[in-house]
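Since the structure comes first, as structure tokens, the remarks are kept for the end.
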There are 4 protein chains.
Amino acid sequence: MSEPVGIAGDQLRAIVERIEKVEEEIKELTEGKKEIYQEAKANGFDVKILREVIRVRKQDQEQRDEQESLLDAYLEAIKVVPKVKKAA
Amino acid sequence: MSEPVGIAGDQLRAIVERIEKVEEEIKELTEGKKEIYQEAKANGFDVKILREVIRVRKQDQEQRDEQESLLDAYLEAIKVVPKVKKAA
Amino acid sequence: MSEPVGIAGDQLRAIVERIEKVEEEIKELTEGKKEIYQEAKANGFDVKILREVIRVRKQDQEQRDEQESLLDAYLEAIKVVPKVKKAA
Amino acid sequence: MSEPVGIAGDQLRAIVERIEKVEEEIKELTEGKKEIYQEAKANGFDVKILREVIRVRKQDQEQRDEQESLLDAYLEAIKVVPKVKKAA
DNA sequence: CACTGGAAAATGCCGC
DNA sequence: GCGGCATTTTCCAGTG
């Protein structure tokens, strides 16, 4: 009765386990994040505002990334490629 | 231009950086997860079903956890505490 | 002062009223639920445990539903459709 | 083996069933609400704004209720009670 | 009345 | 590109 589904079964099992492992790690980090917020709150910070700070900074970063890629486009258009970009 | 908000500035900065670091790590893991799904798909697996398998397994686990906590609640209600629970 | 927005006004009004009516009904039911808990408490039941019982039973049901939908997904994936599913 | 828990068991069962029935009804209404939003969207309304309209109207209503109860307080203070208030 | 946990909403993402 | 799905965030009820 063992191995009824054959090779694909093993493969499936491996995939499922890998995904579950990653999700477990994500869950731990998420809990860690929650704890940081709790700690901040305990130190008198307003969590809601703190979240907004994070959000705004993320947006800023995205804008900066956009600008940078726009700059890349310009540079490429005039044939002066930057040395490195980032890992794909 | 330096130290505009004074007192809590350093603390705030530290908190924000810690959160952003954790979020960065989460993001990387999430991308890793995505790649696993892609890879599975490339190997002929049905991603939709795969997701559903993961979900059902997760619910199984949660189910078990909650049954356990329900039992704990019963036991506590009738004053028969279990010897050990779990590591905090 | 009457009919300020014109065309879609009536339609919008109708939508808003329908939603508000439904929300009103939900609110009443929620209050009814609260009363049942209070009554149970007055009869000596432990509300906390009661809630947990309800929760676990709900999850049981969801579990069953998802198992079923997973099965459906499998059957569909291997092209063996079940005869009937459920009333839309 | 039947009826191991006695009278309280029946009572508990009844309570659980009543709660579950109410929750079922709430769930149906909630789904109905969702459908109204979907329908509105299909008719070209912006759901997010629609929600905001509902929210604002609710706030207005609450303010009006507050004002009313304030008025009641005044009236009572000067001994002129209003005919009806609302169902407790 | 502040804190926790659970429901609803907003957002982002992917496939069609 | 749009609608459905998954994740994240926000909100609210319940609890101590």
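So that the names make sense, note that chain A is the first sequence line, chain B the second, and so on, each numbered from 1. None of these values were measured; they are calculated from a predicted model.
- Under the side-chain contact (heavy atoms from CB on, under 4.5 Å) criterion, K58(A) pairs with E62(A), E23(B), sequence neighbours left out.
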Reading nucleotides 7-16 of chain E from the 5' end, what letters show protein touch, with B for base, S for backbone sugar-phosphate only, - for no heavy atom under 4.0 Å? S-SSS--SS-
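- Under the side-chain hydrogen bond (donor to acceptor under 3.5 Å, both in side chains) criterion, the residue pairs touching residues 37-48 of chain A are E39(A)-R18(B), with sequence neighbours excluded.
- For Q61(D), the side-chain contact (heavy atoms from CB on, under 4.5 Å) partners are R64(D), D65(D), not counting sequence neighbours.
- Looking at residues two or more places apart in sequence or on another chain, you find a side-chain hydrogen bond (donor to acceptor under 3.5 Å, both in side chains) between E20(A) and R57(B).
- Every residue meeting the side-chain contact (heavy atoms from CB on, under 4.5 Å) condition with T30(D), not counting sequence neighbours, appears here in chain and number order: I26(C), I26(D).
- Clustering of Ile, Leu, Val, Met, Phe, Trp and Tyr side chains at separations under 4.5 Å places Y74(A) together with L70(A).
- The salt bridge (Lys or Arg N to Asp or Glu O under 4.0 Å) check on R55(B) picks up E66(C), with sequence neighbours excluded.
- Nucleotides of DNA chain F that come within less than 4.0 Å of any heavy atom of chain A span, from the 5' end to the 3' end, dT9(F) to dC11(F).
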